[in-house]
Protein chains: 2
Amino acid sequence: MTGASFWSQFELHQLRCFVAAAEELHFGRAAARMNMTQPPLSRQIQLLEHVLGVKLLDRTSRAVKLTPAGRVFLLEARRILRLTESAALATRRIASGEAGTISLGFTAASGYSFLPRLLLQRASHAPNIDVALKEMVSSEQVDSLLTGRIDVGLLRPPISRSEFTTLRVASEQLVAALPFGDERLGGASLELRDFDGKPLIMYAREGARYFHDLLAGQFKAAGVMPVTVQSLSQIHSILALVRAGMGAALVPEAAMSLHFDDVHFRPVRTQPESPVELFAAWRTDNDNPALSAFLDLLRADDASAGMEAGAASD
Amino acid sequence: MTGASFWSQFELHQLRCFVAAAEELHFGRAAARMNMTQPPLSRQIQLLEHVLGVKLLDRTSRAVKLTPAGRVFLLEARRILRLTESAALATRRIASGEAGTISLGFTAASGYSFLPRLLLQRASHAPNIDVALKEMVSSEQVDSLLTGRIDVGLLRPPISRSEFTTLRVASEQLVAALPFGDERLGGASLELRDFDGKPLIMYAREGARYFHDLLAGQFKAAGVMPVTVQSLSQIHSILALVRAGMGAALVPEAAMSLHFDDVHFRPVRTQPESPVELFAAWRTDNDNPALSAFLDLLRADDASAGMEAGAASD
DNA sequence: ACACGCCCATCCAAAATTCGCATCGGTCGA
DNA sequence: TCGACCGATGCGAATTTTGGATGGGCGTGT
């Protein structure tokens, strides 16, 4: 008892034979078109008919005609064959990186300014690359990169893993977010010492480690010590407290695009000038073919964004 | 040089293997599902990948994963396989006569009353049978039946060909079509002698042979001789002349549904009572599977129409 | 009327493909 | 470090497919 019992499915080769025969209405010519001789073609069609349980071609020794069922099956067969070709094509396109999907992780802050610009570039320069967006904090992005849930992350340093390649895609200034009526709004720009002893909405150590450490470092280097009235991790929560008059905050410029009522922004002089860095990171061994096209996009975007921030390396 | 040179197309069997492997993510289980052992399955997938020129599955000896291209191809493969099944199903349905297309020839007159009723029955009792309608005179229908351009004809006798099967599907009375103001409108019904010596719009011998001969026979049997003022073959042309007052006409009852302004109808006593017969005819060797279902429809319709006309045989 | 040609089906041996068994090589976990 | 697991590979056997020869039905031409 071998597999010969009931072969309830036809094969594409049989469809091709049938389409040729149905179009030529002549087994000999159809066989020639299929690069074979007439007998095997006959048998393939017999097999197909047997599998379907339906007579597809009416063969008198004088003429070959399609049966009504054959007419219907011809349309279906052509459709299936077309589909096989387009499937192969589409798959090859994906594999070559011409098209595809990139899963992109991004931090909330990067979504305000950098991400929209990036997506705009994608739309014009790589329209076949779909980008699946997933907002998550930097540490989640590292995990997701390792497990493959995302292909690329837009995140904050430090990115320590050796399996990653990283690229600095943007650097921004810190800006002060001040409630309406704050006296420091008088000047065009602020110094760090303007915050000394004043109430400040701070980033939480957990959940916003990067900004917490960045600010802590800046204040320490400047010998300044503000009064932390609250610690939060999400920028829009921080700005909400600023609006409530609980204190000032230091946020990346990108946050300015949030447009909170009664919250005004002033640049803050820091060392370096643009200390807030955003990196792209991806697994060096990521095999998503669309990745390289997407990275080209990132590098191009980095060039323009870097000029704004005055620091384009590479 | 054998056929091994370049086999640029994959086979459905390979798709089935790939889908199994992609769903199980385990070659052994996939092979079991496919009722084969693991090595051939491996090779089928290798072959598929080679044909596509694309790696579909990432196999480490510890885990099997889909590549991005593989994810896309999985969707396509599933679609193709679904399509093959539905194609087989649809074709079998056509072959079994559950669904299909019937080409139906009909005469203009039969289209006024009998055909709409028939199509209504089709809609409720055989919704999967499509009917392609082709209006043509009876002689054209005979030709078209012979060449297969139509499967069934609704036509007038005589139908002499031996390769046809026929069925009387309706018989109607003759009615007089009279112009507004005609004195004969006074009575509820007319006799043939009411036309003796009076102007009559006659059917043309060519193009409306059936009605011409029918009327000629009726008048002759009744010893009546109207004055033929004009001969035409199309009923609506005849009624147009009646409206113009050129004379009376004798038409089948079905023509009453044309609703010509200022043309009124009265039944005419004839022998037999309903001399206008409509037949269905089809080639006895017609192999359209939808035909039998359609003929059932005709026979059912005949029963009801026959009662109206008072003559249901068979 | 009869012989011929055309065309699809069938038969059969040869070729190609596919299959399954045994085995290899690599990886992970104990 | 050993053993279990898993996919790849080698190879002979079974199956399938192929093509040439042939059969049989049906028009056609003479």
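Just so you know, these numbers use all the heavy atoms, side chains as well, and skip hydrogens, waters and symmetry mates. Residue numbering restarts at 1 for every chain, and letters A, B, ... go by the order of the sequence lines. Please read all numbers here as calculations on a predicted model, not as lab measurements.
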> Which parts of nucleotides 3-13 of chain C does protein reach within less than 4.0 Å, heavy atoms only, written one letter per nucleotide 5' to 3' as B for base, S for sugar-phosphate only and - for none?
Replying inline: --BBSBBB-B-
> How close or far is atom P of C:dG20 from atom CD of B:Q44, stated in whole angstroms?
Replying inline: 11 Å
> Which of parallel (below 30°), tilted (30 to 60°) and perpendicular (above 60°) describes A:F18 and A:F73?
Replying inline: tilted
> Going from CG on B:L145 to OG on B:S138, what distance comes out if it is rounded to the nearest 0.5 angstrom?
Replying inline: 10.5 Å
> Are B:R149 and B:E140 close enough for a salt bridge, meaning some N to O gap below 4.0 Å?
Replying inline: no
> How many Å lie between NZ on B:K65 and C1' on D:dC6, as a whole number?
Replying inline: 16 Å
> Roughly, in whole Å, what's the span from CG in B:L41 to P in D:dT9?
Replying inline: 14 Å
>> Rounded to whole Å, please give me the gap between CZ in B:R16 and P in C:dC19.
In response: 12 Å
>> Suppose we screen for side chain to side chain contact (heavy atoms under 4.5 Å, CB included). Which residues come up paired with A:T37, at least two apart in sequence or across chains?
In response: A:P39, A:P40
>> Nearest whole Å is fine: how far is D:dC6 C1' from B:L57 CG?
In response: 14 Å
> Given atom CG of B:L47 and atom P of C:dT18, what is their separation to the nearest angstrom?
Replying inline: 6 Å
> In whole angstroms, how far is the P atom of D:dT15 from the CG atom of B:N35?
Replying inline: 16 Å
>> From CD of A:Q14 over to C1' of D:dT18, roughly how many Å is that when rounded to an integer?
In response: 14 Å
> For the side chain of B:T84 and the backbone of B:L81, is there at least one donor-acceptor N/O pair under 3.5 Å apart?
Replying inline: yes
>> Looking only at the side chains, is there a donor atom on one of B:Q38 and B:S42 sitting less than 3.5 Å from an acceptor on the other?
In response: yes
